[in-house]
Student: 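Sharing a structure, written as structure tokens. Questions coming.
So you know, we letter chains A, B, ... as the sequences are listed, proteins then strands, and number each from 1. Keep in mind it's a predicted model, so treat the numbers as computed, not measured.
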Amino acid sequence: MSSLFHSTLIPCPSPNWREVGVRAEWRTIMLRIQNVTKTYPNGTQALKNVSFDVKDGEFLVVIGLSGSGKSTLLRCINRLIDPTEGKIFWDNTDITIASPAELRNIRRKIGMVFQQFNLVKRSSVMTNVLSGRLGYVNPWLSLVGIWPEEEKKKALQSLERVGIADKAYNRADALSGGQQQRVGIARALMQDPKLILADEPVASLDPVLSHSILQYLEQLNKEGITVICSLHFLDLVHRYATRVVALKDGVKVFEGSAQEIDRAKFKEIYGEEAQEVRAASL
Amino acid sequence: MEQSTVTNSRLGLSGLLSAVIPGLGQFVRGQRYRGVAILLGFLVMLATVVWYKNPLWYASPIAIWLWNVWDAASARQRSILLPVLFGLLAAYSIGWRVVGIDFSKADMNRARMIVRPMLRPDFIQERRERNTMWVPVQVPCAPEPPKAVREDGGKKATAIPDCGPVGETIIVSVSGMWPNTETNVVWQNPIGNSMMLGEGETSMLVLTTDENGSLTTAIRVPTTALVAAPDPTLPQLHRVYFDQYRPIGGYELSFIGNEVLKGALATVAMALIATVLAVLFAIPISFLAAHNLMSGNPVTYAIYVVVRTLLNILRSIESVIIAIVFVVIVGLGEFAGALALAVHSIAALAKLYSEVIEGIDPGPIEAIRSTGANWVQTVRYAVIPQIIPPFTAFTLYRWDINVRSATIIGFVGGGGIGFLIIELTRVNNMRGLSSVFIAIALVVVTLDYLSAKLRERLV
Ligand SMILES: Nc1ncnc2c1ncn2[C@@H]1O[C@H](COP(=O)(O)OP(=O)(O)O)[C@@H](O)[C@H]1O
Ligand SMILES: [Mg+2]
């Protein structure tokens, strides 16, 4: 099993590869997606034999039309959805066969950010952020709603990092869309994640806000957190991705650097009819 | 030309068919639904008119019949406005007669007799001090009756003769009472029931003491003095009471006021207990009645359908009607009322709760799961916060409704303030009723306001 990871060459001292300029192929593979297929109970084949590796410190962007399987792919990684076939390796363990306890331990190292933010709307921002820590704290105390002081401090720090510490005691639904997504990022940060899965994190936001949210993710990525993010707009892909995987009808149709994706390639991935719709973003 | 003749003869035929059986022409022409509707409408109209036997109303089925023939014989469909109008007209005039609307029946005098005392609700009274004295009187006479004389703290009461049968005239006198004060003279039988001694035994005998605090009067042993006696021939000691009252400043709850207050509290408490009981049952049941949880496989779906159906049936029965059943099972009183309210509320709440569960946003659930939280933590942090506020709001609303229902559940013996209404109506106590009405209005309005305020904060 360890032979899978023979590409582990150098344990890198600085997490900031992009700046240090460590060659991509030297980095550790942190996640290996291997022949993953997902068939929903109603027969829909959302993923067909998808394989790729994710290396430590990447900002991997997944693109593809709506319905191409991006959300399914991201949810297979932390097993919010169980893949029908295939393996997913994380730190030498196969996520797809992890026991419930193992799975929770894996999940708490993988933060997730959602298109619809998925905050508990009636709870306070603080509670939402603290809940990112549920995998670490004493379960009994968390059930009665008691949080250690240091966790509260950590939550405020996370909120500070995304610039909305002053909203800590507001109700989550009192915040604007951009602010809610920042709470979503703060919640993921509470997990001390090694990986952040972002499922179209900016699809519900306007372009200006999109950049501000993606810049937070980029900042985290520079600090050493690997990011897998699905995106829709080509300019965002070019701006933020270190590598791109494209899906079409559940099949991986492209894997490579963002620069390789030009108009023609984009059209190929998105199909002819997408041309006009996407023109503005090209 | 020829074609139009054919069409015309066809139209004539369908008109003829409709003349024989209303709607048949339309039916044959292919307008099945319309034909059946016309026939049913006509028959119902005809049956009602024949049943109520008013020659004038025959106009309505006749008009519908005529319209039906006209419609069948016309190339295009005629507006159904006309027959519907005729139907409504007939229904309304029948309704008028059935309800018996007759404003001349209203009796202003009786209305005044009821409304005037209601303007002075019996709730509080001046605080009074009581000065009382009594003398024993034997009914009927024993061979050697005890002396009808009694002394107590400077007061003295006597009766002559010492005993007598029902209807006997007795001279009673008392001295040592407060001077120049109105005094009620009342008969009391051995088990403590009071009887009035005034005109026709339906009014209070009220006299005023002289300047020495004495009075003397003739009374008649009341005809009802022995109704409660096990053996009317057995001599027993009754009492004649002399009661005086004088204000000592301030106000207090009157006897009725006290009852009203107790009734109002019992009503609110009954509703509260019923609501709490209902919540306990409704929460688990609501999960079985939630479509999103139960539609996964055929077995759970069958359970869902059964539970939903039962809830719908139960919800359609008013709690007052359920109370009739519980009064038989557990006896008169608040317990029966609370059970009835609870049963109705279980059905109502379970439905509302299940709709809340159906409306849960799955987003936060997957978000919390993805943090590595376990199942209980996920429920605690993603599900509970979503359902608690609407559950609480619906529960408060239910309590509010239950208080309203609890006020009338006493009509069938279910306890609470409604029982007081029945009692007071029986003895024609309009002042008491009036304070009951005011109490109900206050309780309902207050709870309505409170629950609305609280619910506002929850959403
Ligand atoms: N729970 C589900 N049950 C059945 N089919 C689903 C479910 N979720 C997604 N799908 C289908 O799987 C395909 C991929 O969906 P998804 O992963 O959401 O794509 P994307 O995120 O790229 O829009 C789509 O055809 C979608 O209709
Ligand atoms: Mg998606």
Student: For atom OH of A/Y40, is the number of surrounding heavy atoms from other residues, nucleotides or ligands below 6.0 Å larger than 12?
Tutor: yes
Student: Using non-hydrogen atoms and a 4.5 Å limit, figure out which bit of B/D361 sits close to chain A: side chain, backbone, both or neither.
Tutor: side chain
Student: What part of A/L119 gets within 4.5 angstrom of chain B, counting heavy atoms only: side chain, backbone, both, or neither?
Tutor: backbone
Student: Tell me, side chain or backbone of A/S142 under 4.5 Å from chain B's heavy atoms, or both, or neither?
Tutor: both
Student: How about CZ on B/F123, more than 12 heavy atoms from neighbouring residues, nucleotides or ligands closer than 6.0 Å, or not?
Tutor: yes
Student: Give, as side chain, backbone, both or neither, the part of A/I110 having an atom under 4.5 angstrom from any heavy atom of chain B.
Tutor: backbone
Student: In terms of heavy-atom contacts, does CZ of B/F411 have more than 12 from other residues, nucleotides or ligands at under 6.0 Å?
Tutor: yes
Student: When the aromatic ring centroids of A/W147 and B/Y381 are compared, is their separation below 6.0 Å?
Tutor: yes
Student: Between A/R187 and chain B, which part of the residue has a heavy atom less than 4.5 Å away: side chain, backbone, both or neither?
Tutor: side chain
Student: Mind ranking B/I384, B/V379, B/V376, B/I365 by heavy-atom pairs under 4.5 Å with chain A and telling me who comes out on top?
Tutor: B/V376
Student: Against chain B, label A/Q116 side chain, backbone, both or neither, depending on which of its atoms sit under 4.5 Å from a heavy atom there.
Tutor: neither
Student: Do B/F394 and B/Y353 make the cut of ring centroids closer than 6.0 angstrom?
Tutor: no
Student: Can you confirm if the aromatic rings of B/Y301 and B/Y304 lie within a centre distance of less than 6.0 Å?
Tutor: yes
Student: Using non-hydrogen atoms and a 4.5 Å limit, figure out which bit of A/K121 sits close to chain B: side chain, backbone, both or neither.
Tutor: side chain
